[in-house]
Amino acid sequence: FIREYKIDTVLIQGSVMNPGTYKVNRGTTLSELIKSAGGYESSAYPFGGYLENKKALEINKVSKERLYDAFITNIITNGMSSSSQDTNSGQLLLQLKESKSTGRIIAEFDLNIIKNDPSEDTILEDGDRLLIPQMTQQVFIQGEVGNTGAIRYVPNETIDYYVNKSGGYLKSADQDNIFIIHPNGETENLNTNTRLSFIMSDSDKKLIYPGSIIFIPQKTNFASS
């Protein structure tokens, strides 16, 4: 009887001491790979760590195609009642079709957290790719503001600070639905048009990190003159 050892191939890039492609035993965890790669560089930003998985990528591609087909079917079945609805639906379809599918898996990259709670560690699979970015000093703001782009991160500042630095809200901005995309891939919808809006106003400081993306969407019923 000859024991078989299954070997996976994973790629780690970015701010680790020894980036590259590694052959690892089946069942190797994210923290074990990072240690094998020599650990993080001093400039590493683990909170923005990115884990891409082939299976997740395929699932996301299929899901996007099904959502697109369902949207088309709904439009054909129900029709449109106004030209503004036609325009809004057309924009949504275009954004959906052009959006890039990703295989990102939300994972914990903080080695201290994993050490204290091993259940936070992620078992890697064959073909996985890890990217550890460098620490950034920027917050990115997109959507319905005067000037989209990057604003230098200032600790403890609110969303309004970054919006004002970007020229303020446009008339078309939907201020009741603001999206914050965290560096680790998690997304928060700050819906201020709810009974819990007072809680959101107290907690918005905690939601902005270096590398955060603030997205201000357009009002769905907005029609430009």
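For reference, positions follow the sequence shown, starting with 1.
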Sidechain-backbone polar pair: Tyr162 side chain, Val154 backbone, donor-acceptor under 3.5 Å: yes
Exceeds 12 heavy-atom contacts within 6.0 angstrom, atom CD1 of Ile106: yes
Set of side chain to side chain donor-acceptor pair (under 3.5 Å) partners for Asn184, sequence neighbours left out: none
Electrostatic pair Arg26-Asp8, nearest N-O below 4.0 angstrom: yes
Nearest non-hydrogen partners of Ala173 and Ile216, listed with the distance: CB-CG2, 3.7 Å
Set of salt bridge (Lys or Arg N to Asp or Glu O under 4.0 Å) partners for Arg152, sequence neighbours left out: none
Where Tyr40 and Pro46 come nearest, the two heavy atoms and their spacing: CE1-CG, 3.7 Å
Donor-acceptor contact present, side-chain Tyr45 to main-chain Pro210, <3.5 Å: yes
Minimal non-hydrogen separation, Pro19 against Gln13, with atom names: CB-CA, 4.2 Å
Single-linkage hydrophobic cluster, 4.5 Å side-chain cutoff, Leu111 and Tyr22 together: yes
Atom of Leu30, atom of Asp121 and distance for their closest heavy-atom approach: N-OD1, 3.6 Å
Common cluster, Ile178/Phe215, ILVMFWY with side-chain heavy-atom separation under 4.5 Å: no
Cluster check Phe109, Tyr50: I/L/V/M/F/W/Y, side chain < 4.5 angstrom: no
Interatomic distance, Ser43 atom OG to Met135 atom CE [nearest 0.5 angstrom]: 9.5 Å
Ile214 and Ile208: CA distance, side-chain angles, deciding distance, side-chain contact (heavy atoms from CB on, under 4.5 Å) verdict: CA-CA 9 Å; Ile214 303 172; Ile208 307 299; 3.9 Å; yes
Cluster link Leu11 to Leu33, ILVMFWY, side chain under 4.5 Å: no
Check: Ile141 and Thr148 side chains under 4.5 Å, non-hydrogen atoms: no
In one Ile/Leu/Val/Met/Phe/Trp/Tyr side-chain cluster, 4.5 Å: Leu124, Val24: yes
Rounded distance [0.5 Å steps], CZ in Phe47 versus OG1 in Thr136: 13.0 Å
Heavy-atom closest pair, residues Gly211 and Pro183: C-CG, 3.9 Å
Backbone of Ile7 reached by a side-chain donor or acceptor of Asn25 within 3.5 Å: no
From OG (Ser31) to CD (Glu120), nearest 0.5 Å: 11.5 Å
Ser166 side, atom OG; Ile151 side, atom CD1 - distance, nearest 0.5 Å: 4.0 Å
CZ-CG distance between Arg104 and Asn53, expressed to the nearest 0.5 angstrom: 13.5 Å
Nearest-0.5 Å distance that lies between atom CD1 in Ile181 and atom CG in Asn189: 11.0 Å
Side chain proximity check, Asp160 to Tyr169, heavy atoms < 4.5 angstrom: yes
Minimum-distance pair of heavy atoms, taken over all atoms of Thr9 and Lys23: OG1-NZ, 2.9 Å
Residues that, via side-chain heavy atoms closer than 4.5 angstrom, fall in one hydrophobic cluster with Met17: none
Leu130 vs Val16 side-chain heavy atoms within contact, under 4.5 Å: no
